[in-house]
Amino acid sequence: MNTPQSEKLRLIVIGNGMVGHHLVEQLIERAATEQYRITVFGEERHRAYDRVHLSEYFSGRDAQSLAMCDADFYAEHGIELRLNEAVTALDRDKGEVVTEAGRYAYDRVVLATGSYPFVPPIPGNDRENCLVYRTLDDLDAIRAAAEKATTGVVVGGGLLGLEAANALRGLDLDTAVVEFAPRLMPMQVDTEGGELLREKIEALGVQVLTGRATQHIEDGQASFHRMVFQDDKVLETDLIVFSAGIRPRDELAREAALEMGERGGVVIDDRCLTSDPAILAIGEVALWNNSIFGLVAPGYQMAKAAAATLLGGELTFAGADMSTKLKLLGVDVGAIGDAHGNQNPGARMFRYLDEIRQEYRKLVVSSDGRKLLGAMLVGDNAYYDTLMQYYSNGLELPEDPAALILPSTEGAPTLGADALPDGATICSCHNVTKGSICATLDAGATDLGSVKAETRASTGCGGCAALLKSVVDHELEARGVEVDQSICEHFAHTRQELFDIVRVEGIKTFGELIGKHGASHNQGLGSSSAPKLGCDICKPAVASILASCFNEPITDAAHIPLQDTNDTFMANMQKNGTYSVVPRVPGGEITPDKLVVLGEVAQKYELYTKITGGQRIDLFGARLEDLPDIWGELIEAGFETGHAYGKSVRTVKSCVGSTWCRYGVQDSVGMAIQLEHRYKGLRSPHKLKFAVSGCTRECAEAQSKDVGVIATEHGWNLYVCGNGGMRPRHAELFATDLDDEQLIKIIDRFLMFYVRTADRLQRTSVWRENLEGGLDYLKEVVLEDSLGIGDELEAQMQTVIDNYECEWAGAINDPEKLKRFRSFVNDARPDPDIIVTEERGQLRPA
């Protein structure tokens with residue numbers, strides 16, 4: 001029976017940030033609208049959005065994509081959302097909150113006002129173009145100021161400061177970070193870690209100034225501002241962003257005479273109640289046990305406790321772990337527990353520092369070496385999840401704790417899903433334990449998707465995705481449930497099994513494959529005339545398999561229906577419906593004549609140009625109907641497709657090697673060009689990147705690639721299975737001092753073994769991590785030919801090489817293939833919805 005609105009208690013939530021929104025979600029889940037008439041006030045004009053990924057606002061995301069819910073979410077659940085309406089006072093005597101628009105009576109109030117950026121009291125901090133980094137409006141202001149700036153400085157070298165620095169760098173500003181402490185991120189890393197972090201960030205082109213106290217800011221001579229430091233040294237810049245920490249937004253509580261902490265924050269108890277039992281507080285405004293928690297996960301836990309308090313539940317807030325796993329300017333940083341080792345007298349420490357790979361790891365263990373008290377990671381967070389489980393669950397450490405932070409070797413201690421206790425936290429954002437996952441499976445969940453839907457695990461930051469899948473798969477198998485590894489409902493086979501079927505039976509079309517080996521429940525497979533359409537999972541996977549085996553042009557009529565948009569049009573679709581054009585530039589070597597052609601083409605078709613990290617030139621903004629003409633001119637000048645759109649070999653990066661460099665010991669450019677031409681037609685489960693460095697100074701960054709080659713005095717060292725991207729992994733040394741012939745032979749075998757056995761969309765690094773037997777097994781197969789398939793792998797690679805042809809060269813000479821390149825089927829006009837604007841002298845999406 002529904003309670004009349006007039007009889008419901010009036011609940012007001014002040015603040016519509018991530019934590020305030022999570023409270024509303026908790027209240028909805030618990031049917032609180034039967035008891036409360038809920039009103040939410042948001043000071044900003046935007047509904048709740050994801051501040052964790054705020055920096056992505058500068059790389060294409062907008063307020064809509066960052067929003068935590070659909071526009072009508074609140075209204076659908078009978079909750080009033082009042083945006084752009086700040087609460088200015090809390091009248092406890094009258095039981096009302098006050099805004100400029102009026103007064104609103106309440107029975108209960110939740111303060112979720114969050115925090116504000118701290119701006120140090122520096123004379124001149126209020127000058128024009130002195131900004132803060134906190135809200136979407138702040139970012140809009142930074143973007144507007146950056147349009148007239150060339151340099152930018154961030155004051156503050158902590159977590160938020162480095163995020164702000166990444167934002168300025170993304171706006172093409174020469175960026176510097178100024179930090180008062182003697183190192184970056186002083187709360188998370190120690191001296192050694194801070195120095196390594198500094199080196200990695202400076203290598204990205206960001207200037208780092210530590211131990212600097214800004215005395216005042218004045219007019220600059222060459223730039224808008226001049227920052228004067230304590231030693232009278234100066235730094236000039238056009239734009240200053242203050243990101244030196246946060247302070248609780250506690251002015252409402254303070255003016256309402258609620259109990260406050262000595263240094264700010266409204267005091268709460270375990271039930272999130274303030275000194276007024278009608279008022280609760282959660283998130284960064286709340287002070288619990290003399291601590292303020294500046295992370296999202298503790299705020300979410302407070303939101304759950306507050307919802308329980310409002311509805312008579314038993315759940316309380318008992319504090320939260322402040323361990324963090326971060327990626328700042330592409331650099332991994334992790335801190336667990338007592339990472340500095342200063343909270344536990346008698347603690348012992350293990351440290352590992354690799355200055356070549358730029359990795360630093362530290363363990364803090366109990367005096368008897370049995371328990372993990374804390375850990376610190378800089379440069380590689382791959383160790384974080386395992387260490388976090390040892391720490392959070394009090395698991396006994398292996399006999400040699402140092403093995404947990406040493407480079408992976410066969411026999412190194414591992415922590416499988418079966419070793420985790422039921423109380424182990426799998427998802428910290430939503431506080432999901434292994435026990436709750438098991439309970440969900442016991443209640444009838446049968447796959448990963450249903451577990452995520454029920455528990456919300458891995459729907460926050462997503463960092464627990466791999467661990468969650470491992471736990472779910474293990475627990476399903478323990479219950480006697482076979483974990484289905486089929487690629488999709490249309491094939492009762494894994495990718496590897498499909499690859500073997502195609503190769504052994506010589507199947508060359510999707511229709512033949514699904515007709516012979518499609519799953520029996522695929523509708524219509526019993527009839528030869530029935531449609532055999534497949535899906536968006538199996539079609540691209542089979543397309544890749546067919547290309548890997550036979551290397552027929554993907555533009556052939558039989559293969560086109562299998563391709564996704566990028567492969568169909570042999571270009572990457574961009575956010576505004578245009579495409580990018582990326583010609584191959586083997587090894588990064590290009591003649592002046594070809595550079596001129598690229599410039600002329602870019603001018604003629606008004607394309608945005610950018611040099612990529614893989615030593616190529618990207619031309620953005622090409623309309624679909626212009627792609628054949630653009631490629632016609634490029635191919636005439638000697639270019640060919642760069643496969644930037646495909647799951648294939650992309651680039652082979654190189655330094656100048658012995659040809660020019662006084663340190664070079666081998667011709668890295670020549671080898672890079674040779675490798676890129678050899679493997680340029682290879683389709684694979686995931687994209688592949690190579691690099692060749694001419695000496696151990698490693699300027700080409702070969703140890704972050706799927707295939708990395710480093711010159712030695714005696715030949716080449718080969719590294720495999722590294723990658724950058726969302727989850728960086730250093731490549732592992734595979735073979736040493738190889739001559740040219742040996743190097744190519746081993747790469748042939750390695751790549752083809754990967755292509756044969758990897759899962760769909762599986763990078764070499766993930767494939768290697770899941771490979772039973774690890775690196776030693778891979779060496780046995782490739783180097784020692786333990787399976788007796790070495791010659792077969794080499795022959796299969798040679799088939800791919802022999803059948804290579806430039807896909808664009810074939811397309812522009814085939815009238816039937818050219819018919820695809822139009823925006824509308826029945827109209828030759830260009831797409832009228834593509835709108836561009838000018839920025840820094842080039843066109844970009846409006």
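Atom set for the values below is all heavy atoms of this structure, side chains included, hydrogens, waters and symmetry mates excluded.
Put simply, the side chain of Glu640 never gets that close to the backbone of Gly638: no donor and acceptor are under 3.5 Å apart. Listed for the Arg226 side chain is no donor-acceptor partner under 3.5 Å among the backbone atoms of Leu235. The main-chain N or O of Ser684 is found under 3.5 Å from a side-chain atom of Ser544 such that the two form a donor-acceptor pair. Although no hydrogens or angles enter the test, the distance criterion places a donor-acceptor pair under 3.5 Å between the side chain of Arg650 and the main chain of Gly646. Not one N or O on the side chain of Asp629 forms a donor-acceptor pair closer than 3.5 Å with the backbone of Gly632. In terms of modelled atom types and a separation under 3.5 Å, the side chain of Asn813 and the main chain of Ala809 share a donor-acceptor contact. The backbone N or O of Arg134 sits less than 3.5 Å from a side-chain atom of Asp138, completing a donor-acceptor pair.
Looking only at side-chain heavy atoms (C-beta outward), Ile747 and Val707 come within less than 4.5 Å of each other. When side chains are defined from C-beta on, Val155 counts as touching Ile240, because their heavy atoms get closer than 4.5 Å. No side-chain heavy atom of Ile617 sits less than 4.5 Å from a side-chain heavy atom of Lys610. No side-chain heavy atom of Ser668 sits under 4.5 Å from any side-chain heavy atom of Ser693. You'll find the side chain of Gln64 reaches within 4.5 Å of the side chain of Arg47, heavy atoms only. Within the 4.5 Å cutoff, the side chain of Leu239 has no heavy atoms near those of the Val153 side chain. Looking at heavy atoms from C-beta onward, Glu807 lies in side-chain contact with Ile554 at the 4.5 angstrom threshold.
The pair Asp137-Arg45 meets the salt-bridge criterion, since a charged nitrogen lies less than 4.0 angstrom from a carboxylate oxygen. Using a cut-off of 4.0 Å between Lys/Arg side-chain N and Asp/Glu carboxylate O, Glu218 and Arg127 are scored as not salt-bridged. A salt bridge is defined here as a Lys NZ or Arg NE, NH1 or NH2 lying under 4.0 Å from an Asp or Glu carboxylate O, and Asp172 with Arg143 fails to meet this definition. Ion pairing of Asp332 with Arg729 is absent here, as no side-chain N (NZ or NE/NH1/NH2) approaches a carboxylate O to less than 4.0 Å. Look at Asp706 and Arg763 and you find a salt bridge, because one of the NZ, NE, NH1 or NH2 atoms lies within 4.0 Å of a carboxylate O, short of that distance. Classification of Asp174 and Arg169 as a salt-bridged pair fails, no side-chain N sitting under 4.0 Å from a carboxylate O. Of the charged side-chain nitrogens involved, at least one lies within less than 4.0 Å of a carboxylate oxygen, so that Arg51 and Glu44 count as a salt-bridged pair. Under a 4.0 Å N-O distance rule, the pair Glu147/Arg840 does not qualify as a salt bridge. Contact check on Glu589 versus Arg584 returns no salt bridge, with no Lys/Arg side-chain nitrogen under 4.0 Å from an Asp/Glu carboxylate oxygen.
Nearest heavy-atom pair across Glu179 and Gly156 is OE1-C, 3.6 Å. Scanning both residues, Gln703 and Glu698, for their nearest heavy atoms gives N-OE2, 2.9 Å. Nearest heavy-atom pair, Tyr133 versus Ala167, reported as atom, atom and distance to 0.1 Å: CE1-CB, 3.8 Å. Considering all non-hydrogen atoms of both residues, Cys549 and Gln796 come closest at SG-NE2, 4.2 Å. Nearest heavy atoms, Pro586 versus Ile673: O-CG1, 3.5 Å.
Centroid-to-centroid, the aromatic rings of Tyr645 and Tyr579 stay 6.0 Å apart or farther. Less than 6.0 angstrom separates the ring centroid of Phe821 from the ring centroid of Trp808.
In summary, the side chains of Asp748 and Tyr679 do present a donor paired with an acceptor at a separation below 3.5 Å, with no hydrogens or angles considered. A donor-acceptor contact closer than 3.5 angstrom is absent between the side chains of Thr799 and Asp802. Between Gln842 and Thr609, the side chains place a donor N or O and an acceptor N or O closer than 3.5 Å (distance only, hydrogens not considered). A donor-acceptor pair shorter than 3.5 Å cannot be found between the side chains of Thr764 and Asn723. No hydrogens or angles considered: a donor-acceptor pair under 3.5 Å links the side chains of His559 and Glu552. Side chain to side chain, Thr555 and Lys817 meet the donor-acceptor criterion of an N or O pair below 3.5 Å.
Geometrically, Lys705 does not engage Phe690 in a cation-pi contact, judged by NZ or CZ lying under 6.0 Å from the ring centre and within 45° of the ring axis. Under a cutoff of 6.0 Å and an axis angle of 45°, Lys539 and Phe510 do not form a cation-pi pair.
The line from CD1 of Ile590 to CG of Leu595 is 4.0 Å long, rounded to the nearest 0.5 Å.
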